Amino acid sequence: MKKIVILTGAGISAESGINTFRDANGLWEGHDIMEVASPIGWENNPELVLDFYNKRRSQLLTVAPNQGHLALVALEKNYDVSIITQNVDNLHEQAGSSNVIHLHGELLKVRSQFDENLVLDWKEDLHLGDFCEHNSQLRPHIVWFGEDVPMMDLAISITEQADVLLIIGTSMQVYPAAGLIQYIQHHTPVYFIDPNPSITPSDRLTIIAEKATTGVPKVVNELLTI
Ligand code: APR
């Protein structure tokens with residue numbers, strides 16, 4: 001079976017109602033990204049950070065996967081599929097994709113502030129005073145700016161094995177995730193699906209300048225009929 005690796009970003013979830021990060025004024029839901037998604041932001045104002053992720057978490061419980069997420073599931077009939085997502089939502093899993101790696105963490109999990117391996121499922125609001133079993137404050141299980149990306153080595157080794165790479169709905173601005181494209185073999189074809197694609201054109205690259213809900217089903221149909 002050929003291997004398809006799929007790198008997704010906020011754009012694939014946009015039509016499910018989850019805002020992307022980099023809107024015109026550079027704010028994220030009205031906040032400076034560093035205020036709500038960095039260790040220094042957490043140190044300065046943990047209540048603001050918890051409130052921010054509580055709102056994102058409760059919103060996630062009200063949205064559903066769209067045709068972009070759903071179309072990817074069909075690829076598993078003919079291919080060995082790995083999804084590497086920068087998204088912290090669980091819409092790929094809700095759609096039914098079986099192999100999803102979250103590079104930047106997961107909204108429906110929390111972890112101990114002092115032991116990053118102590119991770120719990122969490123659907124409620126998280127508050128100051130919610131402690132792990134060792135009496136340490138719990139924090140969102142999110143990889144913040146300036147933190148290591150623990151899943152990166154796995155993501156690199158999977159990307160190196162790709163026979164086809166799909167990139168969907170990402171501004172390719174945030175590293176190390178955006179650097180994954182450098183790890184494919186030189187002959188591996190790449191499809192980039194994004195209404196505002198920011199990538200350097202090359203021979204092996206097919207750009208589909210469309211939204212995920214139309215662009216992804218087109219590429220999936222093409223890959224299933226090859
Ligand atoms: N379908 C597909 N793509 C879309 C759609 C859509 N309906 N709407 C917007 N997009 C595209 C935009 O054109 C843009 O290229 O989605 C991309 C969103 O870019 P960002 O907001 O920068 O999101 P992303 O690339 O996922 O950000 C990476 O940055 O803030 C951090 O950790 C956070 O994982 C995130 C990382």
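We count ligands from 1, going down the list as the structure has it; atoms in each ligand are counted the same way. Sequential numbering from 1 along the given sequence is applied to the chain's residues. Given the structure is predicted, the values throughout are model-derived calculations rather than measurements.
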Nearest heavy atom to atom 35 (C) of ligand 1, choosing from F145, F21, Y175, W144, belongs to F21
To atom 24 (P) of ligand 1, the nearest of L7, T170, I33, T214 on a heavy-atom basis is T170
- prompt: Could K218 and E210 be called an ion pair, given the rule that one side-chain N must be under 4.0 Å from one carboxylate O?
  reply: yes
Margin query: Is there a polar contact between ligand 1 and E210, counting only N or O atoms under 3.5 Å apart?
Written below: no
Short version for H104: what comes under 4.0 Å of ligand 1, heavy atoms counted, is side chain
Check: Within a strict 4.5 Å, meaning less than it, do heavy atoms of the S13 and H69 side chains meet?
Finding: yes
Tested for ring pair (Phe, Tyr, Trp, His ring centres under 6.0 Å) against W42, the lone hit among W144, F145, Y53 is W144
The atoms of ligand 1 lying under 4.0 Å from a heavy atom of E15, numbered in the order shown, are 1 (N), 6 (C), 7 (N)
Within the 4.0 Å heavy-atom cut-off, what V174 brings close to ligand 1 is side chain
Note: A177 and L103 closest approach over all heavy atoms is CB-CD1, 3.6 Å
Check: Taking the six-membered ring for Trp, are F52 and H31 ring centroids under 6.0 Å apart?
Finding: yes
Among A14, S171, A177, A37, the residue with a heavy atom nearest to atom 8 (N) of ligand 1 is A14
Distance-only N or O hit between ligand 1 and G9, under 3.5 Å: no
Is there a polar contact between ligand 1 and A212, counting only N or O atoms under 3.5 Å apart?
yes
With sequence neighbours left out, the residues meeting salt bridge (Lys or Arg N to Asp or Glu O under 4.0 Å) with D80 are K3
Among N196, V216, I193, D194, closest by heavy atom to atom 14 (C) of ligand 1 is D194
Residues 131-140 vs salt bridge (charged side-chain N to carboxylate O under 4.0 Å, His left out), sequence neighbours excluded, gives R139-E147
